[in-house]
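Structure record follows, encoded as structure tokens.
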Protein chains: 2
Amino acid sequence: MPHIYFKRGELYSVINGMASTAVARRLQKNFRAAALEITIEQWSVLYHLWKEDCLSQQELCNRTFRDKPSITRLIDNLEKQKLVKRVSSAQDKRINLVCLTDAAKELQDTTLRIANETMEEALQGVRKDEIEMVKNVLQKVYDNLK
Amino acid sequence: MPHIYFKRGELYSVINGMASTAVARRLQKNFRAAALEITIEQWSVLYHLWKEDCLSQQELCNRTFRDKPSITRLIDNLEKQKLVKRVSSAQDKRINLVCLTDAAKELQDTTLRIANETMEEALQGVRKDEIEMVKNVLQKVYDNLK
DNA sequence: TGAAATTAGTTGCATAAACAACTATATGCC
DNA sequence: GGCATATAGTTGTTTATGCAACTAATTTCA
């Protein structure tokens with residue numbers, strides 16, 4: 001009868017997303033407080049498009065760690081809100097390029113400022129080298145399971 | 001025009017749940033492979049009940065970091081699957097105590113073994129002191145936003 | 001060339017989460 | 001006692017996720 005309960009440091013509490021959920025909720029709350037009508041999931045897609053516009057849906061899957069149906073529906077909703085549009089690729093008709101509208105471009109600065117402020121708040125009292133170490137460990141966990 | 005993009009170490013990638021999502025998916029996959037018909041969210045509720053049976057829904061909210069409607073519906077589904085039952089508290093009629101059935105008690109050992117194995121796999125190459133540091137940082141993040 | 005396999009994206013279905021509004025019970029306090 | 005307030009839980013609505021099955025376009029290769 002194994003009553004081990006995650007002897008290697010309570011993995012459950014390490015990685016159950018307690019912190020990421022808290023950050024996500026706070027970020028969503030701060031968006032709402034600024035009258036920004038987007039979800040953090042939608043924002044995470046826009047975030048990658050601001051770095052590089054007109055990515056394929058598959059590329060957005062890779063960069064946001066979501067599966068294809070999730071991206072399909074996020075893009076559906078972003079398109080309804082006139083924040084992106086699907087443009088069929090001329091080279092490969094299977095591919096939809098997802099491109100930002102002007103309205104989405106206008107959201108960039110405000111939402112990134114809010115995200116940075118939220119992160120500052122979340123990481124108060126955490127040293128840079130600690131952040132680096134957390135990043136490295138979480139990356140290793142991700143790679144271990146990939 | 002703030003093009004900072006999380007200067008304090010790409011908080012987005014630190015905490016966006018990439019690792020916790022990967023662990024959750026793997027755990028779910030391993031449950032399915034063992035013909036266990038529960039979701040990881042349901043399992044996370046059972047996990048706390050195995051530690052201490054007959055908690056109130058509110059207490060389950062606190063321990064699993066979920067809000068009340070989420071717990072209501074998780075308990076609804078667990079009750080449909082005959083894994084828990086709601087017992088009205090004699091002292092306070094507002095309170096439902098959520099108690100394990102025998103069927104749920106039988107799931108404990110197998111699912112905990114699978115969870116431990118999944119965690120071993122996820123944490124390969126990660127030292128104990130690194131796990132401790134990650135726990136501490138994520139706890140600090142959580143406390144900062146609470 | 002043309003059939004098989006691969007890749008990109010969509011749809012259906014079940015579960016889960018966030019938020020607001022709601023009911024019911026209990027507590028505080030005058 | 002009785003009214004105001006707080007607490008426990010439920011319901012409705014919208015959004016998001018996971019999985020499987022599906023269509024359409026492209027690539028592989030005999």
Side-chain angles (χ1 to χ4, degrees), chain A residues 16-18 20-33 37-45 54-81 83-84 86-98, chain B residues 16-18 20-33 36-45 54-81 83-98:
Chain A
N16 72 348
M18 173 189 81
S20 57
T21 301
V23 173
R25 281 192 214 177
R26 177 61 58 95
L27 187 52
Q28 181 73 72
K29 187 179 160 191
N30 289 347
F31 281 167
R32 290 180 66 86
E37 302 277 317
I38 54 172
T39 67
I40 48 165
E41 291 84 3
Q42 292 171 355
W43 177 82
S44 77
V45 171
C54 295
L55 297 171
S56 69
Q57 296 189 196
Q58 181 58 55
E59 192 52 38
L60 285 170
C61 292
N62 300 339
R63 300 196 187 190
T64 65
F65 305 103
R66 289 184 169 84
D67 68 356
K68 290 199 276 188
S70 292
I71 286 296
T72 292
R73 277 140 180 159
L74 279 174
I75 302 303
D76 286 349
N77 284 335
L78 283 167
E79 222 172 17
K80 272 185 216 156
Q81 294 176 256
L83 293 173
V84 302
R86 287 177 166 96
V87 179
S88 187
S89 164
Q91 285 76 43
D92 186 336
K93 286 180 189 170
R94 292 171 303 180
I95 294 177
N96 288 336
L97 299 173
V98 181
Chain B
N16 72 349
M18 173 189 81
S20 57
T21 301
V23 173
R25 280 192 214 178
R26 178 60 60 95
L27 187 52
Q28 181 73 72
K29 187 178 161 191
N30 289 347
F31 282 166
R32 290 179 66 86
L36 296 168
E37 303 278 316
I38 55 171
T39 66
I40 48 166
E41 291 84 1
Q42 292 170 356
W43 177 81
S44 78
V45 171
C54 295
L55 297 171
S56 70
Q57 295 190 197
Q58 182 58 54
E59 192 52 38
L60 284 170
C61 293
N62 301 339
R63 300 196 188 189
T64 64
F65 306 103
R66 290 184 168 84
D67 68 357
K68 290 199 276 190
S70 293
I71 287 296
T72 292
R73 277 140 179 161
L74 279 175
I75 303 302
D76 286 348
N77 284 335
L78 283 168
E79 223 172 18
K80 271 184 217 156
Q81 294 177 256
L83 293 173
V84 302
K85 49 178 190 282
R86 287 176 166 95
V87 179
S88 188
S89 165
Q91 285 76 43
D92 186 336
K93 286 180 188 170
R94 291 171 302 179
I95 294 177
N96 288 336
L97 299 173
V98 181

Subject >> Side-chain donor or acceptor of Glu37(B) paired with backbone N/O of Phe31(B) under 3.5 Å >> reply: no

Original post:
Between Leu74(B) and Lys29(A), who's closer to the 5' end of DNA chain C by nearest nucleotide?
Top reply: Leu74(B)

**OP:** Return the set of residues passing side chain to side chain contact (heavy atoms under 4.5 Å, CB included) with Lys68(B) (not counting sequence neighbours), or none when no residue passes.
**Re:** Gln58(B), Cys61(B)

Subject >> Length of the CZ-C1' vector between Arg66(A) and dT15(D), whole Å >> reply: 12 Å

Subject >> Partners meeting salt bridge (charged side-chain N to carboxylate O under 4.0 Å, His left out) with Arg25(B) (sequence neighbours left out) >> reply: none

Subject >> Pairwise side-chain contact, Leu27(B) with Trp43(B), heavy-atom cut-off 4.5 Å (strictly under) >> reply: yes

Original post:
Along nucleotides 5-10 of chain D, 5' to 3', which nucleotides get a B, which get an S, and which get a -, given that the test is a protein heavy-atom distance under 4.0 Å?
Top reply: --BBBB

Original post:
Can you tell me how far C1' of dT15(D) sits from CH2 of Trp43(A), to the nearest Å?
Top reply: 18 Å

Original post:
Just how far, in rounded Å, is P of dT17(D) from CZ of Arg32(B)?
Top reply: 19 Å

Original post:
Side chains of Glu41(B) and Ser70(B): does their closest heavy-atom pair fall under 4.5 Å?
Top reply: no

Subject >> Range on DNA chain C touched by chain B - first to last nucleotide, heavy-atom distance under 4.0 Å >> reply: dT15(C) to dA26(C)

Subject >> side chain to side chain contact (heavy atoms under 4.5 Å, CB included) against Ala24(B), all qualifying residues, sequence neighbours excluded >> reply: Ile40(B)

Original post:
Of Ile71(A), Leu74(A), Val87(A), Val84(A), which is the lone residue that meets side-chain contact (heavy atoms from CB on, under 4.5 Å) with Val98(A)?
Top reply: Val84(A)

**OP:** State which residues pass side chain to side chain donor-acceptor pair (under 3.5 Å) with Gln42(B); sequence neighbours excluded, sorted by chain then number.
**Re:** Gln81(B)

Original post:
For the helix from dT1(C)-dA30(D) to dC30(C)-dG1(D), how many degrees between its two end axes (five pairs per end), to the nearest 10°?
Top reply: 20°

**OP:** Select from Gln81(A) and Arg25(B) the residue whose nearest nucleotide in DNA chain D is closer to the 5' end of that strand.
**Re:** Gln81(A)

Subject >> side chain to side chain contact (heavy atoms under 4.5 Å, CB included) against Glu59(B), all qualifying residues, sequence neighbours excluded >> reply: Leu55(B), Ser56(B), Asn62(B), Arg63(B)

Subject >> Residues which pass salt bridge (charged side-chain N to carboxylate O under 4.0 Å, His left out) with Arg86(B), listed by chain and number, not counting sequence neighbours >> reply: Asp76(B), Glu79(B)

Subject >> Gln28(B) side-chain N/O to dC19(D) phosphate OP1/OP2 under 4.0 Å >> reply: no

Original post:
Does Asp67(B) have any salt bridge (charged side-chain N to carboxylate O under 4.0 Å, His left out) partners at least two apart in sequence or in another chain, and if so, which?
Top reply: none

